[in-house]
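Everything below concerns the one structure shown next.
Chain letters run A, B, ... following the sequence lines, proteins first and then strands; every chain starts at 1. What you are looking at is a predicted structure, and each value in this text was computed from that prediction instead of being measured.
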2 protein chains.
Amino acid sequence: MVKKRIRNPRREESLSRAQIVQASIELLDINGEDGLTFRALSERLVTGAGAIYGHVANKNDLLTAACDAIVARTLEGCAAKKTPKSNLRVIALGLFDALDAHPWVGSALMRAEIHRPMVRILERVGQQVRALGIAREQEWATVAALMNYIIGVATQNAANGQNASKRGIDREEFLGSIADAWLQLDQREYPFTHSVAELLPSHDDRVDFLSGIDLILNGIDAAKRRQR
Amino acid sequence: MVKKRIRNPRREESLSRAQIVQASIELLDINGEDGLTFRALSERLVTGAGAIYGHVANKNDLLTAACDAIVARTLEGCAAKKTPKSNLRVIALGLFDALDAHPWVGSALMRAEIHRPMVRILERVGQQVRALGIAREQEWATVAALMNYIIGVATQNAANGQNASKRGIDREEFLGSIADAWLQLDQREYPFTHSVAELLPSHDDRVDFLSGIDLILNGIDAAKRRQR
DNA sequence: ACCTGAACACCGTTCAAGT
DNA sequence: ACCTGAACACCGTTCAAGT
């Protein structure tokens, strides 16, 4: 008896890159970084794994595109309508919340090279820093300080939330377990870590995040004062 | 004819975790992040792949341990003997150079959770920030700003160097290719990015890195002045 | 007790075959 | 021209078999 291979019929409408990117975002939101595989993706799109390669160069390209879509949407929602400082706070908080909602974006953003999504953030932050009117030689370092602070702290915060929910506990409980680990370290070797361990579980992430932004903005003011 | 399975003789001295971590560092230095596989590692250690699991929980544990070894060695070389500000500069530059020499450390450091290597850096930076004598409520944000700046910028710099050498060009040429890509963006949508593109290839990474550190330290001074 | 290495259940990516 | 899906060359991890 000959086995008859039954091949699924050809899909009627062709795939689009936007469709693929949107499905990727959904998979990443549901299952995190590991949730994005070509098998899961082709199943969700009801197509063959190979078909995706017609619209996307490889997995890294796909992850970058998904990340870029989130960043673009987020920044669109942050109109620059007030003072530069207040605009910077709005951008920072917008990204903070976006990374919290899509925890995989943080690590995608930090993956090597200065990709398109990074350039979007660079441009938005850079415009506002320039509007502050500081010396050109200081601009680059200032923008770098702000961007790294925003992305670094927001990514860490998102990872904390994700780790907590993965273990079925809330953020405070999760931070408490980290604090416990810190308190087990040798007190003489780790005095600073010991002393901040107690504060860790109860601190308000968004408030602390914003006060760090203000700290850097104060540094900018100090630099401006000095150059006069 | 019966095939006689020839099994390699049992290794005489047992494996140690330190040996495994050192071999991992060597693989990572040679071939980057992808260079670390259990097959390559067991070949280098002349053992079976499974044997490694007696000393290491999984691949992530192994990568963290390798990263931790580099960070620990680096910080040991940064004795805190002068003023807090100057100590912070020494620590920052030490990490900058270590990540440049081992480009895989940056991404390992940024991988989720606040691991041991991160705590080492937290402690060193925290001690010096505390010595600056700022208000306790500001400490956390200050330390976060410094740590994220140091790790973020150093990681980006290391990735640039690695990407350049991977493509057989030098750092300046590589940054030049990024600048070209930036100049292709719509000038009206990306005015800031356009205006800094020219400066990108020629800027001195270490000098810019240090001036960012000073910017944050200035913010600390400003905060201190305000609280008096 | 600890190592050995085949086996397992996955990956990303390719490409002949189909429509 | 574009999709389909088996095949390929890898992974990390496990575990029966060996010493």
Side-chain angles (χ1 to χ4, degrees), chain A residues 2-25 27-28 30-67 104 107-108 111-112 166, chain B residues 2-25 27-28 30-67 104 107-108 111-112 166:
Chain A
V2 180
K3 265 197 192 148
K4 187 83 183 285
R5 276 243 152 283
I6 299 165
R7 191 175 245 256
N8 279 347
R10 204 165 195 280
R11 70 186 347 266
E12 289 175 17
E13 293 182 51
S14 69
L15 282 169
S16 77
R17 187 175 160 101
Q19 240 171 53
I20 295 171
V21 169
Q22 184 53 37
S24 300
I25 290 173
L27 282 174
L28 288 160
I30 296 169
N31 293 319
E33 201 123 19
D34 300 338
L36 180 61
T37 69
F38 280 83
R39 280 164 181 78
L41 193 54
S42 61
E43 194 175 345
R44 182 170 262 256
L45 291 167
V46 197
T47 183
I52 297 163
Y53 283 88
H55 303 84
V56 143
N58 52 43
K59 186 171 182 180
N60 196 55
D61 180 33
L62 186 53
L63 186 62
T64 303
C67 174
W104 51 273
S107 58
R111 232 173 246 306
K166 203 187 296 171
Chain B
V2 180
K3 265 199 192 145
K4 187 78 180 287
R5 277 244 153 282
I6 300 165
R7 192 176 243 259
N8 277 348
R10 203 164 196 283
R11 67 182 357 261
E12 290 174 17
E13 292 182 51
S14 69
L15 281 169
S16 78
R17 187 175 160 100
Q19 240 172 53
I20 294 171
V21 169
Q22 184 53 38
S24 300
I25 291 172
L27 282 174
L28 288 160
I30 295 168
N31 292 319
E33 202 122 17
D34 300 337
L36 180 61
T37 70
F38 280 82
R39 281 163 179 80
L41 193 54
S42 60
E43 194 176 344
R44 181 170 264 255
L45 291 166
V46 195
T47 184
I52 296 164
Y53 282 87
H55 303 85
V56 143
N58 52 43
K59 187 172 180 178
N60 195 55
D61 180 33
L62 186 53
L63 186 62
T64 303
C67 174
W104 51 273
S107 58
R111 231 174 247 304
K166 205 187 293 170

Which letters describe nucleotides 13-19 of chain D, given B = protein heavy atom under 4.0 Å from base, S = only from sugar-phosphate, - = neither? BBB-BBB
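OP1 or OP2 of dC3(C) has not a single side-chain nitrogen or oxygen of Asn8(B) nearer than 4.0 Å.
Secondary structure note: stems in DNA chain C built from 3 or more consecutive Watson-Crick or G-U wobble pairs under 3.5 Å occupy C:4-8 with D:12-16, C:12-16 with D:4-8.
Among the atoms of the strands shown, none is found under 4.0 Å from any heavy atom of Ile52(A). Looking at heavy-atom distances under 4.0 Å, Leu36(A) makes contact with sugar-phosphate atoms alone, never a base.
Taking atom CG of Leu15(B) as the reference point, atom C1' of dC2(C) lies 10 Å away to the nearest angstrom. Per the geometry, CD belonging to Glu33(B) stands 12 Å off P belonging to dG12(D), to the nearest Å. If you take CG of Leu63(A) and P of dG12(C), they are 11 Å apart, rounded to a whole angstrom. Whole-Å rounding puts the His55(A) NE2 to dC2(D) P distance at 7 Å.
Within a heavy-atom distance below 4.0 Å of DNA chain C, no residue of residues 16-23 of chain A is found.
Partners of Ser107(B) according to the side chain to side chain donor-acceptor pair (under 3.5 Å) rule, which considers only residues two or more places apart in sequence or in another chain, are Glu33(B). Contacts of Asp61(A) classified as side chain to side chain donor-acceptor pair (under 3.5 Å), with partners at least two apart in sequence or in another chain: Arg17(A).
Residue pairs meeting the salt bridge (charged side-chain N to carboxylate O under 4.0 Å, His left out) criterion with at least one partner in residues 51-60 of chain B, sequence neighbours excluded, are absent.
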Sequence neighbours excluded and cut-off under 3.5 Å, please list the side-chain donor-acceptor pairs for residues 39-50 of chain B, or say none.
residue  : atom : partner  : partner atom : Å
Ser42(B) : OG   : Phe38(B) : O            : 3.0
Ser42(B) : OG   : Arg39(B) : O            : 3.0
Arg44(B) : NH1  : Glu26(B) : OE1          : 2.4

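Closest of all the heavy-atom pairs between Val21(B) and Ala66(B) is CG1-CA, 3.8 Å.
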